Visitor: 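Pasting in a structure now, in structure tokens, and then I'll have a few things to ask.
All values below were derived from every heavy atom in this structure, side-chain atoms included, with hydrogens, water molecules and symmetry-related copies excluded. All figures in this text were calculated on a predicted structure; none of them were measured in a lab.
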Amino acid sequence: MTLAETPNQENSLNPLLTLNYEPALESLGGDYYDEVAAEEFPQHILRWRNDALLSDLGLNPPDVTDEDFITAFGKFQGRKPLLALRYHGYQFGTYNPQLGDGRGFLYGQVRANNGELYDFGTKGSGRTPYSRGGDGMLTLKGGVREVLAAEALHQMGVRTSRCLSMIETGLSLWRGDEPSPTRSSVMVRMSSSHIRFGTFERFHYLQRPDLTQKLLDHVIEYYYHHLVNQTDKYALFYAELVQRVAELVAQWMAAGFCHGVLNTDNMSITGESFDYGPYAFIPTYDPYFTAAYFDYYKRYCYGHQPSICQWNLEMLQEPLKAIIDIADMQAGLASFNNYYGAEYRRLMLKKLGFEELNHPEADELLELTIKFLKESQVGYHLFFFEMARTFSLKWRDDPACVLNNSEIVPTADTSAIFDSWCILYHQILNHFDLDKMEAIAQTLSQHNPPTVILRPIIESIWEPIVESDNWQPFTHLIQAIQSRS
């Protein structure tokens, strides 16, 4: 056996490299991507591995070593080709044809236990033809933030990509907003697809409807396969995408999540959260809360997210109209607000403890809830968590008991709204039999986690990493998110 054969022998024993990778996107051909090489890093320290995802992939976590992760997702041995995807996009409302995977690539595609195809995509893996002068790297803090966001959103029931691994790479990175160099990482994200709205927009810019058609057929075959044999499959695809996106935005809004930068190149064609760089969870209910410090005009603020996603879907009609009748797409998009409203209502009622609430007071309760949250500026997540923590049968007997042992204390200006809310909640509870109170308590607990990664919490776990390389707070926070403790 020669030395050259040794890596292949080792790779054949690595469970991450012996998964059944499918060349689905690769089979589309070179019009859709560039083959690239991964950066060679001076150091590899595995900081995060998502064993829950290993189980979803049919792997037994104890059989996958940390070194297996480093070999596959840090040194990138044993996998070719690595594909930097090509796309364009509307960035802050302006079309930009100078985009594409600038610091990542499609590592591979595999099927999970549920039979669906998933992408492994990197972030921070080095320069590509689309790096536009950047270094192609990811800061360690950026990796930490994405791991936390993905797990938190997943636990909150939001459709999202998740991080499979994060490895510290030993490089020192200079960033414009940092006075000194910062540490670097490379991350592997598992998502339903890395095909973006901007992937289609690129072919309209290039005047290649043939490539748009090919890509659309690919998307329907792999991600909307229940439509493949429908005679009007293209119109049905767009209508379903509208529904998926509308429901996704409702999930963000109910979770109090602000994506940050909803450019069309950050919109997945499968209607899934991903690429949410400068995200934030809102501390209080403020429609104008803005996550990205560079979003000077608040284009992507929390309250604008539904209308922005609707606008992005409208922009997607431009490349798709070569294949789909514009009237069909407009009809599909016309349902956006109905889908959004129904899903937001459903999710917010769950946060209030009700799996179903068909009583006429339901909408009034939602309106009063939002009004109180907005005018009082009590903690958005604290309000619902305190409902779960202090819920009592006494709330059914006396409206004065509602939230009376909680941290929610209305001000003089908001006490009237709060009293009206308590009375209405008390009245609604009395529409239910006594034996339904336990189910309401469980719904409150299920939909209002005690741990929400507000910015101060992220900073509190980042500080010990910087000061003493202490990862315990990070580990404990992840465990709290996953266990909902």
Side-chain angles (χ1 to χ4, degrees), residues 89-94 145-146 148-149 152-153 156 158 160 177 245-267 273-315 336-337 339-345 347-349 351-352 363 365-386 408-418 421 448 452-459:
Y90 288 92
Q91 297 193 311
F92 289 88
T94 302
R145 282 173 47 82
E146 182 146 345
L148 291 172
L153 289 173
M156 297 172 86
V158 177
T160 183
D177 55 345
V245 172
E247 291 178 350
L248 175 65
V249 184
Q251 292 168 13
W252 292 343
M253 297 298 285
F257 178 75
C258 188
H259 181 289
V261 184
L262 283 172
N263 296 329
T264 59
D265 55 295
N266 291 336
M267 297 287 293
S273 313
F274 83 136
D275 262 7
Y276 32 70
Y279 72 86
F281 285 86
I282 58 172
T284 62
Y285 187 88
D286 175 7
Y288 294 102
F289 175 88
T290 305
Y293 71 89
F294 47 81
D295 187 2
Y296 304 113
Y297 300 104
K298 298 185 179 295
R299 177 181 177 85
Y300 297 136
C301 67
Y302 170 73
H304 287 172
Q305 291 182 127
S307 61
I308 284 294
C309 287
Q310 191 172 16
W311 186 86
N312 288 342
L313 284 162
E314 185 178 358
M315 293 303 100
F336 181 94
N337 288 332
Y339 287 133
Y340 170 78
E343 182 70 356
Y344 182 72
R345 181 183 189 275
L347 294 172
M348 291 301 289
L349 286 174
K351 291 182 74 65
L352 290 164
D363 291 328
L365 179 67
L366 285 179
E367 289 173 11
L368 268 179
T369 302
I370 297 301
K371 185 176 182 180
F372 174 70
L373 289 170
K374 186 176 182 179
E375 295 192 14
S376 69
Q377 288 295 288
V378 302
Y380 178 83
H381 307 280
L382 176 66
F383 176 82
F384 294 106
F385 173 67
E386 284 295 281
I408 307 304
V409 180
T411 63
D413 292 338
T414 58
S415 60
I417 301 171
F418 182 72
W421 183 90
N448 299 302
V452 178
I453 52 169
L454 300 176
R455 280 174 168 164
I457 293 178
I458 296 176
E459 292 303 319

Visitor: Heavy-atom distance under 4.5 Å between the side chains of Ile308 and Arg299, does that happen here?
Guide: yes

Visitor: Output yes when a side-chain donor or acceptor of Asn266 lies under 3.5 Å from a complementary backbone atom of Val261, and no otherwise.
Guide: yes

Visitor: Glu343: what forms a side chain to side chain donor-acceptor pair (under 3.5 Å) with it, not counting sequence neighbours?
Guide: Arg346

Visitor: Is a side-chain donor or acceptor of Asn312 paired with a backbone partner of Leu262 at a separation under 3.5 angstrom?
Guide: yes

Visitor: Indicate yes or no for a side-chain donor-acceptor contact from Arg145 to the backbone of Tyr279 under 3.5 Å, with no hydrogens or angles considered.
Guide: yes

Visitor: Are the aromatic ring centres of Phe383 and Trp421 under 6.0 angstrom apart?
Guide: yes

Visitor: Is there side-chain contact between Gln310 and Asn337, with at least one heavy-atom pair below 4.5 Å?
Guide: yes

Visitor: Less than 4.5 Å apart, any side-chain heavy atom of Tyr344 and any of Leu366?
Guide: no

Visitor: Compare all side-chain heavy atoms of Ile370 with those of Met348 and state whether any distance is below 4.5 angstrom.
Guide: yes

Visitor: Ser376 side chain to Phe372 main-chain N or O, any donor-acceptor pair under 3.5 Å?
Guide: yes

Visitor: Without swapping roles, check the side chain of His259 against the backbone of Phe274 for a donor-acceptor pair under 3.5 Å.
Guide: yes

Visitor: Quick one: CH2 on Trp252 to OG1 on Thr160, what's the gap to the nearest 0.5 Å?
Guide: 9.0 Å

Visitor: Using the benzene-type ring in the case of Trp, are the ring centres of Tyr380 and Phe384 under 6.0 Å apart?
Guide: yes

Visitor: Determine the interplanar angle of the Tyr90 and Trp311 rings, folded into 0 to 90°, and report it as parallel if under 30°, tilted if 30 to 60°, perpendicular if over 60°.
Guide: perpendicular

Visitor: Has His304 got a side-chain atom pairing as donor or acceptor with Pro287's backbone, closer than 3.5 angstrom?
Guide: no

Visitor: Would Tyr300 and Asn263 count as having a side-chain donor-acceptor pair, cut-off 3.5 Å?
Guide: yes

Visitor: Flag the pair Asn448 / Glu386 as yes when at least one side-chain heavy-atom distance between them is below 4.5 Å, and no otherwise.
Guide: no

Visitor: Do side-chain atoms of Gln305 reach the backbone of Phe257 as a donor and acceptor pair under 3.5 angstrom?
Guide: yes

Visitor: Looking at Tyr285, is its backbone amide N or carbonyl O close enough to the side chain of Gln377 to form a donor-acceptor pair, meaning the two atoms are under 3.5 Å apart?
Guide: yes

Visitor: Does some side-chain heavy atom of Phe92 sit less than 4.5 Å from a side-chain heavy atom of Tyr296?
Guide: no

